[in-house]
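Naming: A, B, ... by sequence-line order, numbering from 1 per chain.
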Amino acid sequence: MITRMFVISDTSSLTSQTLINYIISLGKTLNIKDTCYGLMVEGDDDVIENVTQKIREKFGADVFSKHRAYPIGDERRCRATRGGGARPGYYFLQEEYKLLPSISKVLKEGKFRTFDKKKKKPVDVDILKKTIKEKV
Amino acid sequence: MIKIAQLSCGNDYSGIQNEIEKAAETVGAKIVFPDVDIDFDEAVEEFGFNPVSPGLKLMIARAKALADKSFEADAVLIATCFRCAEGALIRNELRRYLQRHTRLPVVMYSFTENTKASVLLTRMEALVTIVKRKDLLGRERQVGITMGLDSGSATTKAVIMQDNKIVGKYWSPTTTVLESAEKVVAEALKEAKMDLKDIESVGTTGYGRYILGQHYKAKLVQEELTVNSKGAVFLADKQKGEATILDIGGMDNKAITVMDGIPDSFTMGGICAGASGRFLETTAKRLGVEIFELGEMAARGDLHKVPMNSYCTVFGIQGLVSALAEGYTKDDVAAAACRSVAEQIYQQQLQEIDVRFPVIQVGGTSLLKGLVKAVGDILKTEPLVPQNSQFIGAVGGALLCSGFI
Amino acid sequence: MKVFIYPPNSMILQDLVERFGHKPLALAKEIERRVNDPELDSPPMNITEIDVKVGLKYAAIEVPSGVRGRLAMFGPLIDEAEAAIIVNNFPSTFGCMACARTNEITIYLIKQKKVPTLELEYPTNDEEVEDFIARIKNFLEGLK
């Protein structure tokens with residue numbers, strides 16, 4: 001039994017209900033929970049991996065996925081039973097969520113360009129000298 | 001239900017979170033985690049200390065939520081991994097920050113993977129006492145006629161106070177809890193020229209506190225951490241501000257840091273006899289002198305003259321005996337023994353807390369002048385040894401229970 | 001190929017490694033194994049005193065317990081790694097990645113393995129995102 005999170009990119013028009021309907025249409029025995037960012041799906045290992053692949057084929061770069069260590073509603077990590085405060089991993093997920101629209105865009109466009117980045121170097125001492133003379 | 005806000009780093013991965021929660025539950029409290037927004041760079045910036053570890057940043061943001069009162073809690077537990085420098089710095093600064101910005105009692109702990117609920121229990125119990133009895137702990141003057149009883153594992157002490165002064169006191173080795181108490185109570189009453197019926201309120205502390213509490217119909221039955229702290233700052237006349245209370249016992253040691261007489265961190269030894277009064281007792285026997293005489297000799301001797309290559313009660317003392325054979329004076333050997341104990345306490349225990357000044361040295365061993373000198377030499381301070389320093393628990397009990405008259 | 005990802009709990013990295021046809025060595029699966037073990041009860045992670053001692057394989061006894069406990073989880077993943085993607089400057093890496101010292105030693109250990117490794121910076125604008133994905137794609141496609 002494993003759990004996976006399916007996170008819908010913020011710019012996608014896809015709703016979690018559409019995702020749920022699609023998963024149900026696959027006819028597998030699964031436990032599904034609707035969340036603010038998408039879904040959590042729990043089931044046998046191979047079934048979950050197979051469903052993940054199907055979702056990727058169907059919805060492409062609108063949905064992102066990772067494993068979730070804890071079962072759905074696990075009290076050890078649930079905010080309600082833990083006395084307030086999100087589980088630490090939630091902040092991380094929130095941070096990555098912000099980047100999904102731009103990742104989604106690149107994956108959809110299919111253009112994969114690399115750019116040479118210039119490393120920041122300390123300013124040349126002659127330039128510094130010149131600037132000091134001019135400005136000070 | 002008392003809510004204890006947990007600010008911590010490393011707890012889940014040291015496998016001790018369950019122990020923390022168990023300890024809280026035992027004393028009728030619940031551990032809670034302040035909810036904070038993800039963008040807490042602002043909180044870190046405002047705090048002014050930017051640690052590299054994100055877990056410590058989260059602790060800062062949570063502390064700010066408590067300071068801003070955007071999250072409600074009754075007390076705070078600050079805990080980080082033992083031996084983490086970054087964690088120790090933040091732990092301590094957060095403690096100060098919370099004490100400046102809130103009235104919440106704070107207790108700190110640095111844990112290892114071996115930390116069990118039992119060692120956390122006294123701290124949690126003290127937190128709960130501080131929350132529930134905040135007004136009582138604020139008491140700085142004793143009123144009426146009251147009696148404090150401290151039933152320790154080694155000795156039992158009784159103190160009778162009247163109008164903020166000690167009028168009767170007595171101590172005796174503990175044989176059975178009740179018999180020893182009856183004896184010291186009778187002697188203390190004799191000194192005070194009073195009868196038991198004159199006593200308006202009784203407070204008990206120490207491990208026999210429940211038995212004595214029932215027997216003497218005590219109005220206050222309280223753990224020794226808060227009671228001893230109160231007694232120590234009262235006797236030393238340091239009721240306001242910061243202090244460290246050091247109690248080197250025959251078997252175990254306590255080092256308590258306090259703010260306005262209320263404890264916020266605490267360490268308790270008990271693994272190594274070389275870091276206890278027992279080392280000095282054994283040395284005294286080998287030198288053929290009484291323990292108090294050893295203290296006087298050590299005060300006369302040079303703390304640094306005799307080289308020691310072991311701190312162990314077995315091997316270290318052997319070394320001291322050899323030093324005598326080499327021609328060192330008994331005074332210098334006694335001083336070396338005191339230095340040895342002081343160094344061990346410093347290395348094994350005091351590193352767990354932040355030593356705050358003044359250092360108030362109490363308990364039976366505070367009467368050993370050489371040991372106080374050795375502690376002062378290491379901590380670069382002159383420890384305060386208040387009068388009646390061996391009676392702090394009983395004095396704390398007598399002072400606090402006068403709040404119930 | 002089994003690809004170690006750093007941060008090991010990153011959704012983006014796990015997703016991209018899978019999308020480009022490899023197996024990410026994701027931390028969640030390691031934790032999952034622990035938290036679903038009915039034999040243990042040391043919530044929340046079921047890391048036990050013994051686990052923290054297992055961490056001694058990677059770091060000495062004077063290293064804080066939180067570092068050793070984390071290494072007890074990351075270590076086996078590093079041992080399994082056939083390739084690695086390291087992303088530096090990830091913001092808000094809490095939970096498993098909350099300890100800077102653990103993060104430093106983790107990156108060091110993976111570099112010591114001398115497996116093919118891609119090291120990147122966390123992207124902060126659209127151009128960097130494109131570069132980020134392109135480099136990951138090229139790296140993963142080059143692994144055979």
Next item on the list: Could you tell me which non-hydrogen atom of C:Y122 sits nearest to which non-hydrogen atom of A:E95, and how far apart they are?
Entry: OH-O, 3.8 Å
Next item on the list: With a 4.5 angstrom heavy-atom cut-off, could you sort out which part of A:M1 is near chain C: side chain, backbone, both or neither?
Entry: backbone
Next item on the list: Decide yes or no for C:Q14 and A:H67: does some side-chain heavy atom of the first lie under 4.5 Å from some side-chain heavy atom of the second?
Entry: yes
Notebook entry, point to check: From A:L99 CG over to C:E128 CD, what is the distance, rounded to the nearest 0.5 angstrom?
Noted result: 10.0 Å
Checklist line | Contact class of C:L27 relative to chain A, heavy atoms under 4.5 angstrom | finding: neither
Item checked: Evaluation steps, side chain to side chain contact (heavy atoms under 4.5 Å, CB included), between A:F92 and C:N9 -> CA-CA 9 Å; A:F92 189 32; C:N9 54 346; 3.0 Å; yes
Next item on the list: Name the region of C:N138, side chain, backbone, both or neither, that has any atom closer than 4.5 Å to a heavy atom of chain A.
Entry: side chain
Note to self: Using 0.5 Å steps for rounding, measure from the CD atom of C:E130 to the CZ atom of A:R113.
What the structure shows: 4.0 Å
Check: Between A:R4 and C:E18, does at least one N-O distance fall below 4.0 Å, as a salt bridge requires?
Finding: yes
Note to self: Nearest 0.5 angstrom please: A:L107 CG to C:L16 CG, how far?
What the structure shows: 6.0 Å
Item checked: Exercise: identify the closest heavy-atom pair between C:R19 and A:V63 -> NH2-O, 2.8 Å
Check: Is there a side-chain contact between A:I103 and C:D15, using heavy atoms and a 4.5 Å cut-off?
Finding: no
Check: Using non-hydrogen atoms only, which part of C:T124 is less than 4.5 Å away from chain A: side chain, backbone, both, or neither?
Finding: neither
Notebook entry, point to check: Can a cation-pi geometry be assigned to C:R135 and A:F112, taking NZ or CZ under 6.0 Å from the six-membered ring centre and within 45° of the ring axis?
Noted result: no
Check: Could you state the interatomic distance from OG (A:S104) to CD1 (C:I133), rounded to the nearest 0.5 Å?
Finding: 9.0 Å
Margin query: What part of C:P123 gets within 4.5 angstrom of chain A, counting heavy atoms only: side chain, backbone, both, or neither?
Written below: both
